Amino acid sequence: MAIKNHVLGFPRIGTHRELKFALENYWSKKITLHDLLTVGKTIRHSNWKYQADCGLDCVTVGDFAWYDHVLNVSMMINNVPKRHQIDKSKLDLDTLFRIARGSKVIDKNCSASEMTKWFDTNYHFIVPELSCNQNFYFAWKQILEETDEALSLGYTVKPVLLGPLTYLWLGKVKGTNFSKLDLLEKILPVYKEVLMELSNRNIEWIQIDEPILVLDIPIKWKKAFIDVYKVLKNNKIKIMLSTYFGDIHNNIDIINKLSIDGLHIDLVAGRYDICQLHNYFNKKFLLSLGIINGRNIWKTDLLKWYTKLNLFKKVKRIFWISTSCSLLHVPLDISLEDNLTDFVKSWFAFGMQKCLEISILSRVLNKNLDIEEIHRWIEPINAYKSSNIVNNVVVQKRVLQISSDQMKREHDFTARSIIQKKKLNLSILPTTTIGSFPQTTDIRKLRLDYKNKKISQSDYENSLKIHIKNNIIQQEKLGLDVLVHGEPERNDMVEYFSEYLEGFVFTQYGWVQSYGSRCVKPPVIVGDISRITPITVMWSKFAQSLTNKPVKAMLTGPVTILCWSFPREDISKECIAQQIALALRDEVLDLENAGINIIQIDEPALREGLPLRKCYWDYYLSWAVKAFKLCSSGVKDSTQIHTHMCYCDFHDIMPAIVDLDADVITIETSRSDMDLLEFFKTFKYPNDIGPGVYDIHSPNIPTVDWIEKLLIKAVEYIPIQQLWVNPDCGLKTRNWMETLLALQNMIQATKNVRKKFSKE
């Protein structure tokens, strides 16, 4: 029987980020809803056409999302928070955007739903809000509309839908505490209705994603899988249960009992012996083998997989081949790139090229294509291994010479804090921001003009200094205690630093969706890493010369640079992190020598890099913490080290965060209404901490009263002497009016709380 092929999902932002610009234009009322819908339709049609033209046996539908695919399910089952319901009978795109971005409903600011990372990726999703008295129904029928759309174009269609158990697992209980599993009996009728509607359209397969099966899930959740898929069993449509981001060995006993027809497994991230797959899984299951890496951009060694799959064919088991996970996590098309050399470009495969890899491999396995096509495809992989771009003996030697002494501050935090407070002379509840200020149209144009060589370096730097000076003036007017230069010179917090590091290359169109309209362009690590020249010293030194207040220097940490780049695959992530840390250590020491007394090293990706299985956590956290300390610990006691983390669950890794030994940590808490602070009832964080007091991703302006209440709540959990006051993230995506109004209210609320506690 022929080996079929498919993908689990496809990039949805468009070839040139058409979705991003359409969303932002719609939000700013520059285009109509019809215009926005037209852009989405065009992207979907283009995606389906490419998959079909490439030779895939079916096109995947239901993977398109206006903001994120988890929010799609919330809309589908009518899980809309009450604060965002204007008209209960009306569920539309504006409802979806209110949930994601916050809104003003009847003169009242309504906060956006919480946002966090999708498993261990840099993609974000809107966290479902769950309460015990909810009722659900099939309200948002996008999956049917898109299925009909693809069918009308003549495609063989495979819809994809996030599974009910993963959806509930990712949700957050609001109000009365209860078991999320109690909602299953209310949600399953909606899923049954979806499957029935799809079967009525003669759809053969539906892909239901249940990635929580790669986690250590409790026995109650394991058993729930058996009952759920008995209920969902539909003789008219086949269920392909999809797992990814790891292996499912620890849940095989349950999986093999499920009433499903097919099972997708991730052979890239999972630890499987392909020769034993037929012994692992129920013989009745059609296996979908995820062999093309959906999370990195390197070409696949198709010859290696051809050899393995030829062996697997001998067990005469029906199987398909696919991507390891959705291609949502990679850029769309390498052929667009023209600033990479042909040699370097030949190493990579983006989303479209990964479809081509699947097509080539399946056709060769089915004897419809000569194996010579595989040999031609992998020629660049062999060339990479011997390239002099990859190896730097000096860097390799420096890594070998790393010692434990390089990862220790001279004295502990208690001693350092006394020295720092005396030197910095800050008020109680010191106010600051996370680093960036609005990236205006003028700033973006300035950087683009410089990049395109329309202006000289001297003119570029002088113009940036004007923006920095304005940032300092505005902060002094506001009355902030610790200032920042505002980062007008930076495009992206990872890409900017990577441009000053040997061992990286950069794409022009390698955009990947992070959430909603937010896209990032991860740099690519191709070789050993070292610092080419000082990165931030000039800008920080200039900003500090403009004020008597302390100015924080802003760096991106080694783990975040690693996690938010496409890493090389020939050495360990630990080794890459060490190389980045050594390069940043040089930058930190240069900043200190330039008279900068506060240095912030952001590590928002520390939590997302955590392996999904707890048995692998200790190893990861050990090298991740050491990498941070390697870059931060060479300074004097009087230099204050800050770090920042956002949009993740910190509870599980708080001991590791303590081990970072940063003098101050700033964290996101505003979207969760400071719920994270409950953790500090029992966990006494030893150093200083700044829980974010308002959500910068929402256009809503926080009121003085709102922030004041959050600060008073924070003081209940953390001694006021340890508290800092700050937004929950950088301000680059906001405009100046929003920024100034929000910071004014933050500072006024801080003054009110200082006054309140000075009287007690």
Side-chain angles (χ1 to χ4, degrees), residues 1-8 57 119-120 158 160 163 165-166 169 205-230 232-233 238-295 300-302 304-326 358 361-362 365-366 611-616:
M1 185 174 287
I3 296 166
K4 291 189 175 183
N5 54 38
H6 67 126
V7 295
L8 266 60
D57 290 299
F119 292 83
D120 59 347
K158 180 205 63 179
V160 57
L165 284 154
T166 294
W169 178 273
W205 285 94
I206 181 172
Q207 173 189 319
I208 300 183
D209 290 359
E210 293 283 14
I212 63 167
L213 284 167
V214 305
L215 306 179
D216 299 304
I217 57 176
I219 190 64
K220 277 181 67 176
W221 285 79
K222 286 189 178 188
K223 291 179 178 178
F225 269 94
I226 296 175
D227 295 333
V228 163
Y229 284 89
K230 277 183 182 175
L232 294 183
K233 179 68 175 173
K238 297 174 182 176
I239 294 175
M240 170 72 72
L241 188 75
S242 176
T243 65
Y244 40 81
F245 300 150
D247 61 55
I248 52 177
H249 289 303
N250 56 319
N251 291 317
I252 281 180
D253 56 334
I254 296 298
I255 291 168
N256 281 334
K257 297 175 183 177
L258 298 183
S259 301
I260 58 176
D261 305 281
L263 176 69
H264 175 86
I265 54 176
D266 182 344
L267 294 185
V268 177
R271 305 183 183 203
Y272 296 103
D273 180 349
I274 195 168
C275 294
Q276 296 299 318
L277 289 181
H278 63 290
N279 294 322
Y280 293 153
F281 300 111
N282 189 321
K283 301 294 190 296
K284 295 179 181 178
F285 296 166
L286 179 149
L287 288 182
S288 168
L289 307 181
I291 58 174
I292 306 297
N293 194 340
R295 293 183 58 176
T300 303
D301 187 341
L302 296 182
K304 178 190 78 172
W305 284 110
Y306 172 76
T307 304
K308 288 185 175 183
L309 293 174
N310 250 340
L311 287 173
F312 187 61
K313 278 176 65 177
K314 293 179 180 178
V315 304
K316 300 186 184 303
R317 178 152 191 168
I318 300 174
F319 67 93
W320 294 359
I321 60 173
S322 182
T323 50
S324 61
C325 60
S326 170
I358 295 171
L361 185 54
S362 61
L365 286 166
N366 289 326
L612 298 177
R613 296 284 309 283
K614 289 188 177 182
C615 56
Y616 306 126

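Quick caveat, the model's predicted, so the values are computed rather than measured. In this chain, numbering begins with 1 at the start of the sequence shown.
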- Message: If you apply the rule side-chain contact (heavy atoms from CB on, under 4.5 Å), what do you find for Asp261 with Trp205, and how did you get there?
- Response: CA-CA 9 Å; Asp261 305 281; Trp205 285 94; 3.8 Å; yes

- Let me see the working for Ile3 and Phe312 under side-chain contact (heavy atoms from CB on, under 4.5 Å), right down to the final yes or no. CA-CA 12 Å; Ile3 296 166; Phe312 187 61; over 6 Å; no

- Take Phe119 and Leu215, measure what side-chain contact (heavy atoms from CB on, under 4.5 Å) needs, and give me the verdict at the end. CA-CA 10 Å; Phe119 292 83; Leu215 306 179; 4.0 Å; yes

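- Within 6.0 Å of NZ in Lys284 there are 12 or fewer heavy atoms belonging to other residues, nucleotides or ligands.
- Between Ser259 and Tyr229, the shortest heavy-atom contact is CB-O, 3.4 Å.
- Here the side chain of Asp57 pairs a donor or acceptor atom with the backbone of Asn5 at under 3.5 angstrom.
- Formation of a donor-acceptor pair under 3.5 Å by the Asn293 side chain with backbone atoms of Ser324 is not found in this model.
- A cation-pi arrangement is present between Arg295 and Phe245 under the rule of less than 6.0 angstrom and at most 45 degrees off the ring axis.
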- Determine, step by step, whether Leu309 and Leu361 satisfy the side-chain contact (heavy atoms from CB on, under 4.5 Å) criterion, reporting the C-alpha distance in whole Å, the side-chain angles of both residues, the deciding distance to 0.1 Å, and the verdict. CA-CA 10 Å; Leu309 293 174; Leu361 185 54; 3.9 Å; yes

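- Ion pairing of Lys308 with Asp273 is absent here, as no side-chain N (NZ or NE/NH1/NH2) approaches a carboxylate O to less than 4.0 Å.
- Closest non-hydrogen pair, Ile358 versus Ser322, comes out as CD1-C, 3.9 Å.
- Legend: side chain to side chain donor-acceptor pair (under 3.5 Å) pairs involving residues 219-228, not counting sequence neighbours, sorted by first then second residue: Lys222-Asn251.
- Although no hydrogens or angles enter the test, the distance criterion places a donor-acceptor pair under 3.5 Å between the side chain of Lys158 and the main chain of Val7.
- Tested against Val214 for a side-chain contact (heavy atoms from CB on, under 4.5 Å), the candidates Ile248, Asp266, Asp120, Asp247 yield a single pass: Ile248.
- Taking both residues in full, the closest heavy atoms of Gly246 and Ala269 are given as N-CB, 3.7 Å, listed atom of the first, atom of the second, then distance.
- Smallest separation of non-hydrogen atoms from Leu213 and Asn250: O-OD1, 4.3 Å.
- Ser288 and His264 are linked by a side-chain donor-acceptor pair at a separation below 3.5 angstrom, with hydrogens and angles left out of the test.
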